[in-house]
Amino acid sequence: MPELPEVEAYRTLAERALDRPITEVHAPDAWFLKRGLTPEVVTAELDGRRLVAARRIGKQLLLDTSDDGPTLGLHFGMAGRLVVDETTAVTDLVYSPNDANPAWDRFGLRFADGGQLMVRDSRRLGAVELDPDEARLGPDARSVSASQLRDLLAGSQAPVKARLMDQSRLAGVGNLIADETLWRAGLDPARSAASLEPADVRRLHKHLRAVLEDFIAGGGSHTGSLQEQRHREGVCPRCGTPLLRRTVGGRTTFSCPRHQPAL
DNA sequence: CTCGACTCCTGTTAGC
DNA sequence: TGCTAACAGGAGTCGA
């Protein structure tokens, strides 16, 4: 997906959709609805209500509804976008087409004033559910404390990168944020989480926070220093050393063998 | 419980 | 130019 910074932009955009009566629910793709939700049920639950708050936990967008209605949970998968009244929050989304294709409109709400909120996802890896279990997500990466980060890394033999991307322990970090953060912090993504020293964790925390704020301010997860070097001939932006490309935690991973040495 | 492999889906791109 | 295979910012499930 869209990682945390993109979903934060979606959340801000979704605020434009608040307090507008819902007159129609567009759910043409039943497969896109999860946890047993059907087009009939989601229509009955949302029709006539209004969105009253736009929240975000990690990569999950949560839209609360009026009159004690359900919370609408939106996931954007790897290519999903949010569109409100034909305005898109994020213009450049790597690995996702920019064009508007009606067939990619997987779920949407029509408002009484004629406007709309739409989830546009070419790849169908996004999801819509009602009253998602918010407890399944770890603390949001934008506000995670240093001690929380220390605790969620402690004792794990999994690669530190895999641990950072485990949404049940830390919500919001995806592949690009993980690589950029570990690169800035000078940590090998494949090191076991438990092998980090206290100073490593403090540095990681500092850079994680900085990367997130940079990406939120700068327009997305693709704006990192490492991003333009994310290809087979890529070199370290800092020292020019050819980047190491491998799979860590099941995801394509780029790192500088010089600044991010293995133990 | 923890962790890695596999799977879902489809548009783009690299390579023959 | 055209076809095919690999690959992609995510995450759920299964099994060792």
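Fair warning: this is a prediction, and the values are worked out from it, not measured in the lab. Chain naming here is simple, since letters A, B, ... match the order of the sequence lines and numbering starts at 1 in each. Note that these values count all heavy atoms, side chains included, but never hydrogens, waters or copies made by symmetry.
Applying the side-chain hydrogen bond (donor to acceptor under 3.5 Å, both in side chains) test to residues at least two apart or on different chains, the pairs with a partner in residues 237-250 of chain A are Asp188(A)-Arg246(A), Arg246(A)-Ser255(A).
Distances shown here put a side-chain N or O of Ser156(A) below 4.0 Å from the OP1 or OP2 atom of dC3(B). Put simply, Trp104(A) has a side-chain N or O that comes within less than 4.0 Å of OP1 or OP2 on dG11(B). Distances shown here put a side-chain N or O of Thr252(A) below 4.0 Å from the OP1 or OP2 atom of dA8(C).
For the residue pair Asp166(A) and Ser168(A), a side-chain donor N or O sits within less than 3.5 Å of a side-chain acceptor on the partner.
Hydrophobic side-chain contacts under 4.5 Å tie Val160(A) into a cluster, directly or through other members, with Leu4(A), Val144(A), Leu149(A), Leu152(A), Leu153(A), Leu164(A), Met165(A), Leu170(A), Val173(A), Ile177(A), Leu182(A), Leu187(A), Leu196(A), Val201(A), Leu204(A), Leu208(A), Val211(A), Leu212(A), Phe215(A), Ile216(A). Hydrophobic cluster membership for Val83(A): Met118(A) (Ile, Leu, Val, Met, Phe, Trp, Tyr linked by side-chain heavy atoms under 4.5 Å, directly or transitively). Residue Leu244(A) belongs to no hydrophobic cluster, having no ILVMFWY side-chain heavy atom closer than 4.5 Å to its own. The hydrophobic cluster around Trp31(A) extends to none of the other residues, as no ILVMFWY side-chain heavy atom falls under 4.5 Å of it.
The CG atom of Leu176(A) sits 8.0 Å away from atom CD of Glu6(A), with the distance rounded to the nearest 0.5 Å. Summarising the geometry, atom CD belonging to Gln157(A) is positioned 10.0 Å from atom CZ belonging to Arg163(A); distances are rounded to the nearest 0.5 Å.
For DNA chain C, no neighbouring residue in residues 134-148 of chain A is found when judged by any heavy atom under 4.0 Å. Within residues 160-172 of chain A, the residues having any heavy atom closer than 4.0 Å to DNA chain B are, in order of number, Arg163(A), Arg169(A).
Among the heavy atoms of the strands, none lies under 4.0 Å from Gly250(A). No engagement by Arg120(A) is indicated, since no non-hydrogen atom pair under 4.0 Å with the nucleic acid exists.
Within a 6.0 Å radius of CZ in Arg49(A), more than 12 heavy atoms belonging to other residues, nucleotides or ligands are found.
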Atom pairs, N/O to N/O, protein against nucleotides 6-9 of chain B, distance under 3.5 Å?
residue, atom, partner, partner atom, Å
dC9(B), O3', Arg124(A), NH1, 3.2
dC9(B), O2, Arg123(A), O, 3.2
dC9(B), O2, Arg123(A), NE, 3.3

Anything under 3.5 Å between a protein N or O and an N or O of nucleotides 13-16 of chain B, put it in a table, one pair a line.
none

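In this structure Ser195(A) satisfies the side-chain contact (heavy atoms from CB on, under 4.5 Å) test together with Arg191(A), Ser192(A), Leu263(A), sequence neighbours excluded. Under the side-chain contact (heavy atoms from CB on, under 4.5 Å) criterion, Val52(A) pairs with Asp19(A), Arg50(A), Asp64(A), Ser66(A), not counting sequence neighbours.
Taking atom NE2 on His231(A) and atom C1' on dC7(C), their separation rounds to 16 Å, with Å as the unit.
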- Message: For DNA chain C, please output the secondary structure as dot-bracket, reading 5' to 3'. Pairs are Watson-Crick or G-U wobble, both atom distances under 3.5 Å; mark crossing pairs with [ ], other-strand partners with |, unpaired with a dot.
- Response: .|||||||.|||||||
- Evaluate the side chain to side chain contact (heavy atoms under 4.5 Å, CB included) criterion for residues Leu74(A) and Leu62(A): first the C-alpha distance (whole Å), next the side-chain angles of each, then the deciding distance (0.1 Å), finally the verdict. CA-CA 6 Å; Leu74(A) 303 180; Leu62(A) 300 158; over 6 Å; no
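Only the P atoms considered, dC9(B) is 16 Å distant from dC14(C), to the nearest whole Å.
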